[in-house]
Peer 1: 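Below are the structure tokens for one structure; questions will follow.
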Amino acid sequence: MNDSKQRTVLQAVGLKKSFSLGRKAIPVLESVDFSLEQAESLSIMGDSGCGKSTLLNLLARLEVADAGELTWAGRRMNASKKPEAQVTAKRASFLGVIYQAYYLIPELTVLQNVLLPSRILGNAGKEVGRRARALLEKMEVLEKENQIPGNLSGGERQRVAIARALINSPAVILADEPTGNLDERTGGEVMDLLLQCCREEQASLILVTHNPKFARATGRSMTLREGRLHES
């Protein structure tokens with residue numbers, strides 16, 4: 001056996017999701033199947049409203065599917081059932097999530113925002129503080145560590161959000177239009193840093209984007225169309 005062979009860190013089989021509109025069910029995801037390998041980067045494109053964010057929410061177990069199965073690092077789960085407490089607890093260490101709107105806590109400093117996921121896991125002390133500052137340095141915003149988010153530019157806020165997503169050394173990063181609120185130049189800089197950090201951290205990445213250039217920068221690209229994923 002080749003010990004260097006990549007392992008599957010996330011897999012989806014037959015994911016389905018619909019939403020109710022009055023008495024009518026509107027299908028969003030018909031049957032989504034894909035797998036993500038360790039340290040692999042995957043982009044997902046598709047028209048607005050096609051279900052990309054819904055798919056990420058299902059992968060993160062933030063929403064319950066109508067049907068289907070998910071596997072996180074070998075742990076198989078019925079995606080149509082509410083996640084068990086063990087799964088919810090594992091999410092903070094298995095996944096890091098980056099949103100278009102940053103979702104930084106305005107009352108906390110940059111450093112406190114980055115440390116928050118580690119605090120949720122009960123991790124404190126000098127070592128995690130050093131890691132947080134190292135990530136902020138990689139994101140080129142270490143000098144902002146004592147600022148509050150309201151004093152930062154949009155690009156700086158997203159850099160902080162990336163550092164926060166990486167603080168617990170997750171196996172998978174889910175990025176939902178992380179450059180959607182940024183101009184092209186700033187978005188390109190942020191995307192370069194995100195891809196570089198994921199490579200260095202050996203974290204797998206699922207990137208939802210409307211930007212074909214950013215999609216081409218990932219190792220693999222797929223399109224969500226008519227409720228299914230298609231290789232691009």
Peer 1: For a 4.5 angstrom cut-off between non-hydrogen side-chain atoms, does L224 reach L29?
Peer 2: yes
Peer 1: How far apart are the closest heavy atoms of P106 and P149, and which atoms are they?
Peer 2: O-CD, 3.7 Å
Peer 1: Tell me if the CG atom of D47 is crowded by more than 12 foreign heavy atoms within 6.0 Å.
Peer 2: no
Peer 1: Where do L136 and A163 come nearest, in terms of heavy atoms and distance?
Peer 2: CD2-CB, 4.2 Å
Peer 1: Check whether L195 and V97 end up in the same hydrophobic cluster, where Ile, Leu, Val, Met, Phe, Trp and Tyr are linked by side-chain heavy atoms less than 4.5 Å apart.
Peer 2: no
Peer 1: Grab the two heavy atoms, one from S118 and one from N168, that are nearest each other, plus how far apart they are.
Peer 2: CA-OD1, 3.3 Å
Peer 1: Looking at L62, is its backbone amide N or carbonyl O close enough to the side chain of N57 to form a donor-acceptor pair, meaning the two atoms are under 3.5 Å apart?
Peer 2: no
Peer 1: Do you know which two heavy atoms are closest between L10 and F94, and how far apart they sit?
Peer 2: CD1-CE2, 4.3 Å
Peer 1: Should the pair E184-K213 be classified as a salt bridge under the 4.0 Å nitrogen-to-oxygen rule?
Peer 2: no
Peer 1: Decide, yes or no, whether a salt bridge links E201 with R131 under the criterion of side-chain N to carboxylate O below 4.0 Å.
Peer 2: yes
Peer 1: Return the minimal non-hydrogen interatomic distance between L111 and A132, and the atom names on each side.
Peer 2: CD1-CB, 3.7 Å
Peer 1: Could you tell me if the side chain of L55 sits less than 4.5 Å from the side chain of V208, heavy atoms only?
Peer 2: no
Peer 1: Within the structure provided, determine whether E189 and L182 are in side-chain contact (heavy-atom separation under 4.5 Å).
Peer 2: no
Peer 1: Do V172 and L59 come within less than 4.5 Å of each other through their side chains, counting heavy atoms only?
Peer 2: no
Peer 1: State, to 0.1 Å, how close G46 and K52 come at their nearest heavy-atom pair, and which atoms those are.
Peer 2: O-NZ, 3.0 Å
Peer 1: Can you tell whether the side chains of E84 and R75 come within less than 4.0 Å, N to carboxylate O?
Peer 2: yes
